[in-house]
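One structure below.
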Number of protein chains: 2
Amino acid sequence: MSPVEGDAAAAGSASRRRPGPRRSLDRTKVLDAAVGLLDEGGPEALSIRAVAGRLGVNPNAVYTYVASRSALEREIVERVFAESELELLTGPAPRWRSRLVSYTRSLRSVLLRHPAVAGLLMTAPMDGPSAVLIGERVLGALRDAGLAPDDAARGTYALIVQVVGFVALEVAETDGRPPLAPEAERIAARRAALEFLDPADWPLSAATRDVAAGWISTDQFDWSVERLLDGLVQRAG
Amino acid sequence: MSPVEGDAAAAGSASRRRPGPRRSLDRTKVLDAAVGLLDEGGPEALSIRAVAGRLGVNPNAVYTYVASRSALEREIVERVFAESELELLTGPAPRWRSRLVSYTRSLRSVLLRHPAVAGLLMTAPMDGPSAVLIGERVLGALRDAGLAPDDAARGTYALIVQVVGFVALEVAETDGRPPLAPEAERIAARRAALEFLDPADWPLSAATRDVAAGWISTDQFDWSVERLLDGLVQRAG
DNA sequence: ACCTGAACACCGTTCAAGT
DNA sequence: ACCTGAACACCGTTCAAGT
């Protein structure tokens with residue numbers, strides 16, 4: 001990539017210079033392969049054996065770099081979190097709301113570009129470095145909104161739950177294979193599926209079919225975030 | 001179970017009375033077996049083959065009653081939703097808030113008693129009859145709160161996302177085998193895991209470690225629901 | 001209609017061995 | 001240290017056959 005080969009090569013030349021089989025893999029290649037599989041084939045395309053196959057090694061070679069399938073899945077989520085535009089969260093204090101709104105939109109967009117990864121969102125704790133950094137920045141924005149530290153911390157989690165929960169349920173209605181159908185198409189399919197709602201049995205739901213069809217929409221996403229923010233700031237002094 | 005054998009036997013005697021192998025299974029037994037496996041052995045205990053084994057039949061016999069493993073998972077969630085105390089959602093209009101708060105608490109409790117089922121919450125659309133009925137009743141409570149129909153419909157989904165998202169992330173931090181460790185214990189484990197937060201790197205997060213440890217707590221759950229409700233009613237006339 | 005029997009094409013993970 | 005080779009104990013699902 002660059003004239004000098006970077007950290008790994010530098011460290012290697014200094015400490016270890018044995019003939020050996022000369023490593024054919026590294027952690028990055030394993031993760032690239034895993035995300036590539038999910039992005040091309042959807043949720044079912046991911047397996048340790050498929051990752052190994054894509055890298056041209058035996059299945060068990062993967063275990064040199066990841067402890068287990070579930071550890072691999074956690075790192076995949078972490079890597080996609082790292083793609084979100086964190087810089088949207090920083091800015092002048094009075095603009096705390098637009099910072100949060102634009103960042104949550106950005107995070108949703110990133111996840112919708114990797115729908116099969118989004119399907120892994122709620123299956124393991126989000127405790128990687130990117131998740132921690134996102135938390136720190138959201139916390140900062142809510143402090144800028146005037147919330148006391150403890151309320152800002154609680155609000156941070158409520159917002160994260162709303163955002164990742166929304167996206168997880170949104171992709172759960174798809175096959176997880178990118179690119180997803182356009183939003184309008186997905187809403188229309190939901191609208192058709194809600195045709196069954198009989199006003200005699202579920203009057204309120206039947207009367208708001210069109211809104212429920214849009215539960216996966218960008219409008220509903222933004223609206224939910226805004227309402228939650230309204231509730232959070234209401235109790236700021 | 002009772003002197004007369006119930007619906008199935010009655011229907012059977014009237015319409016079909018052929019010798020045959022006399023069915024050894026039905027849909028209910030399959031679902032009972034599946035939930036039983038999850039409740040005893042956690043998420044990994046569920047497989048089509050294990051369900052068959054528990055019922056003493058061949059693996060493929062299960063396919064007479066469920067179309068696929070993922071269809072089975074959807075029905076498992078539906079069945080656990082049906083265990084929630086829907087009657088908590090009905091009552092006098094002015095008590096809309098306490099109806100919503102007590103129902104969401106009840107739903108969380110039910111799900112935490114079936115943690116491996118809770119792990120399936122975000123992997124498929126919740127479109128079963130119980131989910132529809134829950135939606136109808138939540139919608140009613142939000143109408144009682146004074147929200148316009150469309151806002152009530154949007155609010156219903158925001159609330160569902162918050163509740164199921166919260167529980168899914170909560171159980172994702174456990175092994176999914178019931179009974180879960182007591183909440184205080186799970187919070188203490190989180191507190192210990194957050195010890196690494198260096199104030200130099202993440203000052204705001206480090207300062208609110210104790211709150212973040214309690215992100216899986218009943219207090220945080222209630223607080224999140226209340227703040228969202230605050231945001232929802234703020235725009236009611 | 002509902003089950004058995006047998007097979008297909010996979011899994012994650014572990015262990016021993018090579019270099 | 002990092003890979004190969006081989007195996008263990010599983011999967012979901014399909015098809016043909018029995019009754």
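Numbers restart at 1 for each chain; the letters A, B, ... are given by sequence-line order, proteins then strands. Excluded from the calculations below are hydrogen atoms, water molecules and symmetry mates; all remaining heavy atoms, backbone and side chain alike, are included.
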Taking atom [atom2] of [N] as reference, at what distance in whole Å does atom [atom1] of [X] sit?
X: B:L55; N: C:dC3; atom1: CG; atom2: C1'; value: 13 Å
X: A:N58; N: C:dT13; atom1: CG; atom2: C1'; value: 14 Å
X: A:L72; N: C:dT13; atom1: CG; atom2: C1'; value: 14 Å

Given D:dC3, is OP1 or OP2 found less than 4.0 Å from the side-chain N or O atoms of A:Y65?
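Looking at the OP1 and OP2 atoms of D:dC3, one of them is under 4.0 Å from a side-chain N or O of A:Y65.
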Donor-acceptor list for residues 115-125 of chain B side chains, cut-off 3.5 Å, not counting sequence neighbours:
unit_1	atom_1	unit_2	atom_2	d
B:T123	OG1	B:L120	O	2.8

Sequence neighbours excluded and cut-off under 3.5 Å, please list the side-chain donor-acceptor pairs for residues 174-185 of chain A, or say none.
unit_1	atom_1	unit_2	atom_2	d
A:T174	OG1	A:V171	O	2.8
A:T174	OG1	A:G176	N	3.0
A:D175	OD1	A:R177	N	2.9
A:D175	OD2	A:R177	NH1	2.9
A:R177	NE	A:G41	O	3.2
A:E183	OE1	A:R108	NH2	3.3
A:E183	OE1	A:T218	N	3.4
A:E183	OE1	A:T218	OG1	2.7
A:E183	OE2	A:T218	N	2.9
A:E183	OE2	A:T218	OG1	3.4

For B:R137, does the CZ atom have more than 12 heavy-atom neighbours from other residues, nucleotides or ligands under 6.0 Å away?
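Check fails, neighbour count at 12 or below.
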C1' spacing across the pair C:dC8 / D:dC11, given as an integer number of angstrom:
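Nearest-Å result for C:dC8 against D:dC11 at atom C1': 12 Å.
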Take atom P in D:dA9 and the same atom in C:dA9, then report the distance between them in whole Å.
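Each nucleotide's P atom is 23 Å from the other's.
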Which string of ( ) [ ] | and . matches DNA chain C, if you list each base 5' to 3' and count Watson-Crick or G-U pairs only when both distances are under 3.5 Å?
||.|||||...|||||.||
Restricting to nitrogen or oxygen on both sides, can you table the protein-nucleotides 9-12 of chain C pairs closer than 3.5 Å?
unit_1	atom_1	unit_2	atom_2	d
C:dC11	OP1	A:S47	OG	3.3
C:dG12	OP1	A:I48	N	2.9
C:dG12	OP1	A:R69	NH1	3.0
C:dG12	OP2	A:I48	N	3.1
C:dG12	OP2	A:R49	N	3.2
C:dG12	N7	A:R49	NH1	2.7
C:dG12	O6	A:R49	NH1	2.9

Name every donor-acceptor pair, under 3.5 Å, that has one atom in a side chain of residues 196-205 of chain B and the other anywhere in the protein, sequence neighbours excluded.
unit_1	atom_1	unit_2	atom_2	d
B:D198	OD1	B:A200	N	2.8
B:S205	OG	A:E136	OE1	2.6

Got a sec, which residues hit side-chain hydrogen bond (donor to acceptor under 3.5 Å, both in side chains) with B:T208, two or more places apart in sequence or on another chain?
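Residues passing side-chain hydrogen bond (donor to acceptor under 3.5 Å, both in side chains) with B:T208: none at all.
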Who are the side-chain hydrogen bond (donor to acceptor under 3.5 Å, both in side chains) partners of A:T64, not counting sequence neighbours?
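Partners of A:T64 by the side-chain hydrogen bond (donor to acceptor under 3.5 Å, both in side chains) criterion come out as none, since no residue qualifies.
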Set of salt bridge (charged side-chain N to carboxylate O under 4.0 Å, His left out) partners for B:E78, sequence neighbours left out
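With sequence neighbours excluded, B:E78 shows a salt bridge (charged side-chain N to carboxylate O under 4.0 Å, His left out) to no residue whatsoever.
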Side chains of residues 69-77 of chain B: which donor-acceptor pairs under 3.5 Å do they make with residues two or more places apart or in other chains?
unit_1	atom_1	unit_2	atom_2	d
B:R69	NE	B:E73	OE2	2.9
B:R69	NH1	B:L46	O	3.1
B:R69	NH2	B:L46	O	3.4
B:R69	NH2	B:E73	OE2	3.2
B:S70	OG	B:S68	OG	3.3
B:E75	OE1	B:R27	NE	3.4
B:E75	OE1	B:R27	NH2	2.9
B:E75	OE2	B:R27	NH2	3.1

From C-beta outward on A:V57, which listed nucleotide comes closest to its side chain: C:dT13, C:dC3, D:dT4?
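Nearest listed nucleotide: D:dT4.
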